[in-house]
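All remarks here apply to the structure that follows.
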Amino acid sequence: MNWTLALPEILLAVSGLVILLACVIPKQDTSYGGSMAVIGSLLGAAVLVMMQDEGTAFSGQYIADPFGRFMKLLCLAGAAATLLLAIDFNEREKLARFEFPLLALFATTGMMVMISANDLMAVYIGLELLSLPLYVIAAFNRDSGRSAEAGLKYFVLGALASGLLLYGTTLVYGFAGSTNFDKLAEAFGPGQSVSAGVVVGLVFVIAGMAFKASAVPFHMWTPDVYEGAPTPVTAFFAAAPKVAAIALLVRVLTGPFADLSDQWQQVLLLISAASMLLGSFAAIGQRNIKRLMAYSSIGHVGYALMGLAVDTDVGVRGVLVYMAIYLVMNIGTFAVLVSMRRQGKSVELIDDLAGLGKTHPGTAMWMAVFMFSMAGVPPLAGFFGKLYVFLAAMQAGYLWLALIGVGTSVIGGYYYLRIIKVMYFDSTEQPLDAATPGVGLVMAGSGLFNVLFILWPAPLIGAAQLAVAALVG
Amino acid sequence: MFVGAIFFPLLGAFISGFFGRLLGDKVAQWTTVLCMVLAAVCGVSAFMQVAMGGHPETIVLLRWMDVGGLQVNWALRYDTLSVVMVAMVTFISTLIHLYSVGYMSHDHTIPRFFAYLSLFTFMMLMLVTADNLAQLFFGWEGVGLASYLLIGYWYEKDSANKAAMKAFIVNRVGDLFFMLGLALTFLTFGSIEFPVIFAAVAQHTNDTYLGINSIELIGVLLFLGACGKSAQLGLHTWLPDAMEGPTPVSALIHAATMVTAGVFLMARMSPIMEYAPTALMIVTVVGASTALFAATIGCVQNDIKRIIAYSTCSQLGYMFFAIGVGAYQVAIFHLFTHAFFKALLFLGAGSVIHAMSDEQDIRKMGGIWTKIPVTYLVMWIGNLALAGIPLFAGYYSKDAILEAAFAAHSGVGTYAFVCGIIAAFLTAFYSWRLLFLTFHGKPRADHHTMEHVHESPAVMLVPLLLLSVGAVLTGYVFAPYFIGELEHDFWHGAIFNGAHNHIMHAMHEVPEWVALAPTVVGVAGIALAFVFYMLAPALPRALANGLRPIYLFLLNKWYFDELYDFLFVRPAMWLARVFWKVGDAKLIDGMPNGAAALAADVGRGAVRLQTGRVANYAFVMLIGVVIFVSLFLYSLFKGA
């Protein structure tokens with residue numbers, strides 16, 4: 001058994017246990033050290049991921065390939081960046097406990113397992129390993145009713161989604177005789193008849209995964225949880241797990257179920273269109289910026305899934321590029337949100353951003369960059385993300401889907417630009433506090449990525465191309 | 001040298017326009033003047049080499065367009081026709097730059113003015129040295145733009161803004177015809193490069209477009225384009241209003257150079273025009289009518305600059321009917337001499353206005369000739385040249401035009417001759433009316449103004465004196481070259497006269513009385529003006545009252561503005577209002593506004609689903625699963 005293939009996951013799991021021990025024993029507060037240790041092990045895992053061989057392990061349950069490498073690096077980077085944002089916030093909000101980074105670490109391990117899963121059972125294990133820590137950190141601010149409510153809602157609905165996924169898995173197993181992706185691919189291969197049971201099972205599996213990606217109609221938890229959870233937790237939710245969920249959808253649908261694409265394509269088209277529409281329309285009336293970001297993320301998932309729904313190589317490549325860009329601009333935006341505090345107290349209404357253009361021009365500038373990028377204004381990175389998926393949709397003949405995408409981008413432009421308008425044209429008597437250096441660093445880093453992407457897009461596109469080749473070829 | 005003549009003004013415009021604020025007024029304006037001096041030196045030496053030395057040359061700068069069958073270069077075509085214009089434009093423009101240093105000294109945005117002025121000069125030079133119709137059109141539009149900017153230079157004045165817009169819009173009408181002519185040229189010849197077109201004209205004489213002879217149609221279209229720029233009857237209404245601009249602008253653009261671009265275009269296209277006899281007839285009739293029409297209006301106007309403006313309009317008419325009878329050389333000669341004496345008159349008028357504390361109404365002047373003797377002198381010289389009194393520049397060119405018209409021995413030629421003679425009489429009359437009312441008689445200005453009457457500074461007087469020299473000498477010196485015995489060597493084929501066209505020869509063999517007539521009517525006009533405004537000042541008023549309808553008709557400029565207002569402006573305003581109120585406000589604004597309102601409503605509806613109850617959320621999820629499963633099964637069974 002070639003267990004060394006899974007070294008990154010093993011490293012994360014082991015270091016998680018070690019850090020847990022190291023943090024529990026001392027009497028004093030160990031949250032800062034814990035955070036740093038977790039970030040360190042995330043980076044270590046990233047290095048291991050880059051050095052990883054290709055192949056399968058654990059009786060074909062686990063697969064390592066360029067696609068997994070691409071997605072895992074995104075997840076690790078996203079998790080590390082959001083933890084960096086959390087340190088300072090948690091300290092000021094008196095939430096600084098070492099459990100937070102540790103739970104994030106375990107959740108990240110779950111994502112890695114999901115991404116590398118080559119069997120429906122491994123999918124389930126990874127998903128649960130991701131979900132359980134997320135339920136807890138959603139309710140991490142124990143003294144806040146809203147946070148507790150968020151955790152509980154997420155848990156109930158998440159359990160339902162897990163149930164759907166498991167039920168789908170059993171159906172698939174019952175009708176196809178296996179849960180292994182390679183065997184499933186053979187069973188559904190060309191010339192094989194497809195039974196209704198498998199198809200129903202597939203719908204349930206998609207539903208379970210779409211829940212994690214918060215795609216319509218499995219998105220209902222998103223606004224409440226995003227709003228209720230502490231801001232760094234929301235940032236974490238919006239970044240890494242979403243990438244992992246999309247990665248899983250891509251792997252499952254283009255892997256074992258690739259030959260059933262006639263069936264799942266229609267579902268994905270509907271999910272994509274509905275997500276884009278809801279994401280743009282429902283965000284219009286929002287006043288809480290975290291809630292707005294929830295709807296925004298639903299919309300972005302819709303755009304990303306457009307690439308998967310059209311089921312072409314170019315489309316899937318578009319998904320990967322889109323998720324990478326989404327991750328970076330999302331982290332940047334949340335860096336701004338995390339730094340939103342007035343006289344030491346965290347605030348989260350859009351109107352609280354008023355006058356930011358005058359009081360903190362640097363922060364306001366980066367926020368404007370992120371908003372323009374999210375709205376898809378050239379020459380920022382967000383534009384290219386959208387461009388690739390729209391192009392793919394049009395090449396595959398789904399002009400109507402691309403048109404919906406363009407239409408919802410226009411509507412989305414309204415609420416992104418409203419934030420810019422509030423920052424620069426509204427005035428306030430009480431300015432926000434300045435951002436801390438660590439947060440500023442994350443802001444500037446992701447901001448520069450958005451601005452400079454146009455100059456050097458080749459590495460990202462190339463890596464995505466490689467990942468797609470591994471997946472389909 | 002050839003390139004320098006064209007691009008020094010651009011350099012000056014660039015420096016003054018973009019760095020004027022940095023350099024300060026003084027440096028910026030003198031930089032442009034220096035650039036113009038260099039350009040003039042280049043221009044004059046180019047004239048010596050090309051026209052006098054007989055070495056035409058074409059310099060290709062860059063390939064501009066290469067689209068399908070259309071290939072256009074940026075090129076400088078230096079033949080006698082263009083080099084005459086280059087020398088004249090650079091020389092006069094330099095003097096006017098110099099004059100402006102004094103005239104505009106109290107202005108607040110001096111670099112802007114000089115940048116515009118130099119930009120105009122560059123565009124005019126591009127126009128005249130063009131080797132193809134596209135580059136010519138570039139210069140054509142460029143001078144239009146510069147003219148617009150300079151008429152509206154004092155943009156805080158409402159009337160200046162309106163005049164600028166009027167000039168631009170009326171010119172656009174002409175430009176439309178120019179563009180049509182350009183397109184038809186390309187359609188007919190497959191090229192818009194002059195050498196290609198001119199060589200191919202003879203083969204295309206029988207081509208038709210829409211049942212009309214193509215060459216004729218091109219000729220008419222280009223002429224209509226020229227009408228706009230050269231303020232010929234029908235499209236002349238912008239020129240008098242353009243006097244809202246600073247006086248040096250009027251002198252440079254609206255007298256000496258830009259307005260003559262139409263005449264230049266006709267001469268440039270002489271190889272085509274020679275094959276378009278009908279078009280030439282139209283040119284003759286319109287030109288002759290304009291000459292007479294503008295002269296009649298000039299007799300009753302009271303604004304010193306407007307009188308000269310109508311006089312310009314009238315003189316342009318002369319040039320056009322000279323073209324019409326086939327005497328292109330004579331037209332260009334008149335253009336050349338006219339540039340000197342008309343610029344002189346305008347600058348002289350500017351000097352008067354300067355002296356009279358910005359008063360322009362000649363009824364409020366008078367009795368100032370002793371106070372500003374130099375200005376008085378140069379105005380005399382300018383008027384003598386304009387009226388065509390022997391030995392002065394205008395005499396040679398205007399006489400030649402009238403002789404050519406007579407020698408054409410055609411119906412339209414005779415019409416032009418008669419109009420020209422009457423207009424010559426009127427020209428002399430209104431010129432001396434202006435002179436007498438402005439300088440002689442009792443002072444009619446208020447005491448305060450009269451105290452401040454002063455001669456202009458040297459920087460303004462030097463250009464005036466130089467132009468006076470030109471107004472006196474250019475006719476005598478250059479007549480042999482332009483229209484005399486040296487004509488053939490001088491033009492070097494830059495202008496084409498058809499095989500049947502002997503006008504250049506015939507015009508020298510007209511009866512004695514024809515040659516004398518212009519001088520006689522000119523002197524008669526001066527005499528009449530003397531009687532009216534010096535001997536019996538009550539007479540004009542009595543005459544105006546006696547012939548009130550005619551007086552009002554002339555005073556209101558034949559009601560052209562009112563007619564256009566009724567025919568074009570009002571319907572256009574009405575149509576625009578309909579488009580604005582219905583098309584724009586209701587339809588175009590309505591759609592996004594409605595869509596925005598709809599989006600907001602949909603958004604409210606979408607949010608309403610978000611109740612906060614977990615049970616509802618789970619319900620939505622399950623409904624989703626049910627829908628998807630049904631969809632799956634439906635397609636599965638349909639497929640089976």
Side-chain angles (χ1 to χ4, degrees), chain A residues 149 152-157 159-161 164 167-168 193-196 198-204 206-208 210-211 215-224 228 260 262-268 270-271 274 277-286 291 294-295 407-408 410-411 414-415, chain B residues 18 21-22 65 67-68 576 578-640:
Chain A
E149 183 191 335
L152 197 60
K153 270 182 183 166
Y154 190 37
F155 173 66
V156 172
L157 295 172
L160 178 62
L164 291 175
Y167 186 54
S193 67
V194 182
S195 65
V198 170
V199 171
V200 174
L202 178 56
V203 175
F204 279 88
I206 292 178
F211 174 82
V216 177
F218 311 105
H219 66 284
M220 299 297 279
W221 59 276
T222 322
D224 292 2
L260 296 182
D262 284 350
Q263 273 82 34
W264 60 254
Q265 232 186 324
Q266 319 171 27
V267 174
L268 263 271
L270 279 181
I271 288 181
L277 288 170
L278 185 107
S280 56
F281 279 111
I284 291 175
Q286 302 304 330
R291 223 177 158 80
Y295 285 110
T408 52
V410 172
I411 299 170
Y414 163 74
Y415 56 78
Chain B
F18 288 105
R21 222 174 267 243
L22 210 69
M65 293 179 225
V67 200
V578 169
F579 280 137
W580 166 38
K581 294 272 190 200
V582 178
D584 199 69
K586 289 225 176 87
L587 290 178
I588 297 179
D589 282 358
M591 276 189 278
N593 286 347
L598 191 70
D601 286 347
V602 172
R604 234 166 276 138
V607 171
R608 203 163 294 149
L609 291 174
Q610 203 74 37
T611 52
R613 288 193 189 170
V614 181
N616 287 4
Y617 294 2
F619 178 69
V620 170
M621 282 170 65
L622 290 176
I623 288 287
V625 171
V626 169
I627 290 174
F628 290 149
V629 168
S630 335
L631 202 71
F632 256 88
L633 293 177
Y634 173 72
S635 68
L636 198 70
F637 290 131
K638 206 179 76 178

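In what follows, chains carry the letters A, B, and so on, assigned in the order in which the sequence lines appear, proteins first and then strands, with residues in each chain numbered from 1. Just so we're clear, the structure is a prediction, and the values are computed from it rather than from any experiment.
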Test applied, side-chain contact (heavy atoms from CB on, under 4.5 Å); reference residue, B/Phe628; option that passes from A/Ile271, A/Leu268, A/Ile206: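 Filter result, single survivor: A/Ile271.
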Go through the atoms of [X] and report whether side chain, backbone, both or neither lie under 4.5 Å from a heavy atom of chain B.
X	answer
A/Leu277	neither
A/Trp221	backbone
A/Phe204	side chain
A/Leu152	neither
A/Val156	side chain
A/Leu157	both
A/Ala196	both

Pair B/Val620-A/Val216, side chain to side chain contact (heavy atoms under 4.5 Å, CB included): steps then yes or no: CA-CA 9 Å; B/Val620 170; A/Val216 177; over 6 Å; no
For chain B, find which of [options] contributes the most heavy-atom pairs closer than 4.5 angstrom.
options	result
A/Ala210, A/Ala274, A/Ala282	A/Ala282
A/Val267, A/Leu164, A/Ile284	A/Val267
A/Ala207, A/Ala161, A/Pro223	A/Pro223

CZ (A/Phe155) with more than 12 external heavy atoms under 6.0 Å: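 Counting neighbours around CZ of A/Phe155, 12 or fewer heavy atoms of other residues, nucleotides or ligands fall under 6.0 Å, so no.
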Do you know which two heavy atoms are closest between [X] and [Y], and how far apart they sit?
X	Y	result
B/Gly624	A/Pro217	CA-CG, 3.6 Å
A/Phe211	B/Met621	CD1-CE, 3.6 Å
A/Val203	B/Val625	CG1-O, 4.0 Å

Any side-chain heavy-atom pair of A/Leu160 and B/Tyr617 under 4.5 Å: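 Answer no - side chains too far apart.
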Which atoms of B/Ile627 approach chain A - backbone, side chain, both or neither, heavy atom under 4.5 Å: neither
CZ on A/Phe281 to CG on B/Asp601, rounded to 0.5 Å: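 The distance works out to 10.0 Å.
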